Visitor: 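Would you mind keeping the following structure in view while I ask a few things?
Just so you know, residue 1 is the first one in the sequence shown, and it goes up from there. Given the structure is predicted, the values throughout are model-derived calculations rather than measurements.
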Amino acid sequence: MGERFKKAIGVEGRFVDTVWPMIQYCFANIYLGGGGYIISMYFTVFLTNVVGMDLQHATFIIMIATVWDGINDPLMGIITDRTRSKYGRHRRYLLWSIPPLVIAYSMLWNSFGLDAKEHPTACVMYYAFAYILYKTAYTMVDVPHTAMLPTLAPEYNKRTQYTSVSYIFNSVGMIPSYIILLIFLSAFGSSGALSKESKMPFMLTGVVLSIVYACAIFATFKTVKEPSSLNDKPPKLDLRFAIDEYVQVFRSKAFRDYFSMSFFWQMARSFYSTSSIYFITYLANLYKYYPIYNTFAGVFESLAFPLNYALTMKKGKSKCGAVVTPFMIIGLGLLLFVKTGSPEGNSSIVPLVLMILGGAVLYPFGMSGLGFVGNNVLPDLTDVDELITGRRREGVISTCNTMVKQIVAV
């Protein structure tokens with residue numbers, strides 16, 4: 001099995017020396033791929049349909065947490081670049097993220113009796129705090145984890161292999177997380193349209209997944225061996241210096257090109273994740289097929305990985321974006337032909353086919369191409385920045401990737 005896996009991702013040498021370090025690094029991707037996926041697909045509709053919150057209040061919660069994320073991401077990047085520890089500059093933050101992650105993820109899916117209609121202000125404050133805490137925990141994992149890669153994989157092609165394995169582990173986190181939620185929804189009779197009766201399955205999902213994600217993050221912390229940074233000389237730190245760190249990064253044309261590409265990819269991904277459930281529920285009136293829709297979406301986004309990897313290794317890191325991304329445009333175009341269904345959801349088979357083919361097959365398949373390009377190019381920007389400035393700033397570079405997400409979300 002190990003030899004087959006090595007052949008699939010194009011590596012040579014002993015499994016324990018080549019593929020196993022990649023797997024160790026990518027354990028955390030179970031959380032990075034799964035935690036955000038469930039939130040993007042269900043959190044807004046959970047607040048409105050299950051908790052009973054007004055859409056304006058739900059939007060405010062997401063906005064305020066996103067604004068906070070835009071603040072703490074740059075801080076995390078500067079902090080990791082200045083960290084001096086026997087564990088390296090980034091690794092120990094994975095361990096420190098586990099307690100706030102478990103608490104926040106459990107809180108997100110459980111209101112502890114708060115009713116949005118009777119106590120709207122308290123409910124908004126509770127979920128705003130929970131989501132801000134979750135965003136903080138996520139940043140403590142995402143920024144250091146991304147910043148570690150240039151150190152762990154200094155070779156150009158090896159980074160592509162690490163990124164490819166991370167895509168596999170994203171799916172490992174994404175698909176089972178979704179299945180766990182479906183099992184709880186079905187077990188408690190909430191597989192139909194979500195309502196206040198769906199609180200129990202979401203609460204159980206939050207508790208179970210928080211434990212799974214904590215174990216995945218701890219596995220990466222425990223097994224990855226990042227070089228010690230105790231002997232590194234820390235740069236000075238003041239407000240002007242911190243601002244100049246990011247100004248210097250944006251002076252690089254390579255980074256500006258990357259930023260533009262990531263911006264539009266994140267915009268497409270955000271549009272897809274936040275609008276799909278409302279589109280299916282209130283326009284197409286086909287919510288009963290939402291589980292099937294999501295299953296297809298996850299499978300076809302994962303199926304694009306072998307093609308993206310092959311194109312990257314043979315034709316360069318930008319080729320898979322040029323070849324695969326047009327499918328996303330075609331899929332979005334097909335959704336324009338989905339007409340409003342009947343209130344009872346008894347629409348003809350044509351809207352269902354168009355919805356699944358366009359939104360759950362072609363769109364995620366194509367979207368993966370541009371995402372694969374961005375994830376592969378990002379570690380190389382650290383080398384480009386070092387050539388231009390003479391400084392090594394993995395934390396600042398990785399932070400700029402997460403900043404794109406926050407700008408788009410706002």
Visitor: Run the numbers on Met203 and Trp109 for side chain to side chain contact (heavy atoms under 4.5 Å, CB included), then give the verdict.
Guide: CA-CA 5 Å; Met203 182 194 71; Trp109 306 107; 5.6 Å; no
Visitor: Checking the side chain of Tyr126 only, and the main-chain atoms of Met107 only, is there a donor and an acceptor separated by less than 3.5 Å?
Guide: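 A pair under 3.5 Å: yes.
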Visitor: Between His90 (side chain) and Thr83 (backbone), is there a donor-acceptor pair under 3.5 Å?
Guide: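 Between the backbone of Thr83 and the side chain of His90 there is no qualifying donor-acceptor contact (under 3.5 Å).
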Visitor: Tell me whether the rings of Tyr131 and Tyr134 are parallel (<30°), tilted (30 to 60°) or perpendicular (>60°).
Guide: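 Judged by the thresholds at 30° and 60°, the geometry between Tyr131 and Tyr134 is parallel.
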Visitor: Work out which heavy atom in Ala128 is nearest to a heavy atom in Ile64; give both atom names and the distance.
Guide: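 Shortest heavy-atom contact: CB-CG2, 4.2 Å.
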Visitor: Distance from Leu95 atom CG to Arg92 atom CZ, nearest 0.5 Å?
Guide: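 One gets 10.5 Å once the value is rounded to the nearest 0.5 Å.
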Visitor: Nearest heavy-atom pair of Leu114 and Cys123: which atoms, and what distance?
Guide: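 Nearest pair, atom of Leu114 first, then Cys123: CD1-CA, 4.1 Å.
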Visitor: Regarding Arg91 and the six-membered ring of Phe221, is the cationic atom NZ or CZ under 6.0 Å from the ring centre and inside 45° of its axis?
Guide: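 Here Arg91 passes the 6.0 Å and 45° test against Phe221.
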Visitor: How about His57 and Tyr127: are their ring centroids closer than 6.0 Å?
Guide: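 Ring centres of Tyr127 and His57 not closer than 6.0 Å.
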Visitor: Checking Ser228 side chain against Gly88 main chain: does a donor-acceptor pair fall under 3.5 Å?
Guide: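 No, because the side chain of Ser228 does not come within donor-acceptor range (under 3.5 Å) of the backbone of Gly88.
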Visitor: Less than 6.0 angstrom separating the ring centers of Phe365 and Phe327, yes or no?
Guide: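 Yes: the rings meet the under 6.0 Å criterion.
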Visitor: Could you state the interatomic distance from CG (Leu55) to CG (Asn49), rounded to the nearest 0.5 Å?
Guide: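 These two atoms lie 10.0 Å from each other.
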Visitor: For Val361 versus Leu357, what's the shortest heavy-atom pair and its separation?
Guide: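 Looking at all heavy atoms of both residues, the closest pair is CB-O, 3.3 Å.
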Visitor: Examine distances only and state if a side-chain atom of Arg89 and a backbone atom of Arg84 form a donor-acceptor pair shorter than 3.5 Å.
Guide: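 No: the side chain of Arg89 does not pair with the backbone of Arg84.
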Visitor: Just how far is it from atom NE2 of His145 to atom OG of Ser97, taken to the nearest 0.5 Å?
Guide: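 The distance works out to 11.0 Å.
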Visitor: Where do Gln24 and Trp20 land on the side chain to side chain contact (heavy atoms under 4.5 Å, CB included) test, with the steps shown first?
Guide: CA-CA 6 Å; Gln24 292 172 332; Trp20 182 236; 2.6 Å; yes
Visitor: State whether a side-chain donor-acceptor pair under 3.5 Å links Thr48 with Asp54.
Guide: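 The criterion, which ignores hydrogens and geometry beyond distance, is not satisfied for Asp54 and Thr48.
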Visitor: The test is side chain to side chain contact (heavy atoms under 4.5 Å, CB included); show your working for Leu152 and Val224 and say whether it passes.
Guide: CA-CA 9 Å; Leu152 299 178; Val224 167; 3.9 Å; yes
Visitor: When rounded to the nearest 0.5 angstrom, what distance separates CG in Asn170 from OH in Tyr31?
Guide: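 One gets 12.5 Å once the value is rounded to the nearest 0.5 Å.
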Visitor: If the test is ring pair (Phe, Tyr, Trp, His ring centres under 6.0 Å), which one of Tyr138, Phe27, Tyr105, Phe218 qualifies with Tyr213?
Guide: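 Exactly one pass, corresponding to Tyr105.
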Visitor: With distance as the sole test, does Tyr87 use its side chain to make a donor-acceptor pair with the main-chain N or O of Pro227 at under 3.5 Å?
Guide: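 Between the backbone of Pro227 and the side chain of Tyr87 there is no qualifying donor-acceptor contact (under 3.5 Å).
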Visitor: Which heavy atom in Ala130 sits nearest to a heavy atom in Ala104, and how many Å separate them?
Guide: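 Result for this residue pair: O-CB, 3.7 Å.
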Visitor: Report the C-alpha separation of Trp68 and Thr136 in whole Å, then their side-chain angles, then the decisive distance to 0.1 Å, and conclude whether the side-chain hydrogen bond (donor to acceptor under 3.5 Å, both in side chains) test is met.
Guide: CA-CA 8 Å; Trp68 163 247; Thr136 304; 2.8 Å; yes
Visitor: Should Lys196 and Asp115 count as an ion pair when the cut-off is N to O under 4.0 Å?
Guide: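 Salt bridge flag = yes for Asp115 with Lys196.
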Visitor: Rounded to the nearest 0.5 Å, how far apart are CG of Leu182 and OG1 of Thr205?
Guide: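 OG1 of Thr205 is found 9.0 Å from CG of Leu182.
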Visitor: Could you walk me through whether Val141 and Tyr93 pass side chain to side chain contact (heavy atoms under 4.5 Å, CB included), step by step?
Guide: CA-CA 7 Å; Val141 179; Tyr93 294 105; over 6 Å; no
Visitor: Please report the shortest heavy-atom distance between Ser177 and Leu209, naming the atom on each side.
Guide: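 Residues Ser177 and Leu209, closest heavy atoms: OG-CD2, 3.8 Å.
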Visitor: Measuring from Phe184:CZ to Ile179:CD1, what's the distance to the nearest 0.5 Å?
Guide: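 The distance works out to 13.0 Å.
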Visitor: Are any side-chain N or O atoms of Thr146 and backbone N or O atoms of Val143, one a donor and one an acceptor, separated by less than 3.5 Å?
Guide: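 No; zero donor-acceptor contacts below 3.5 Å.
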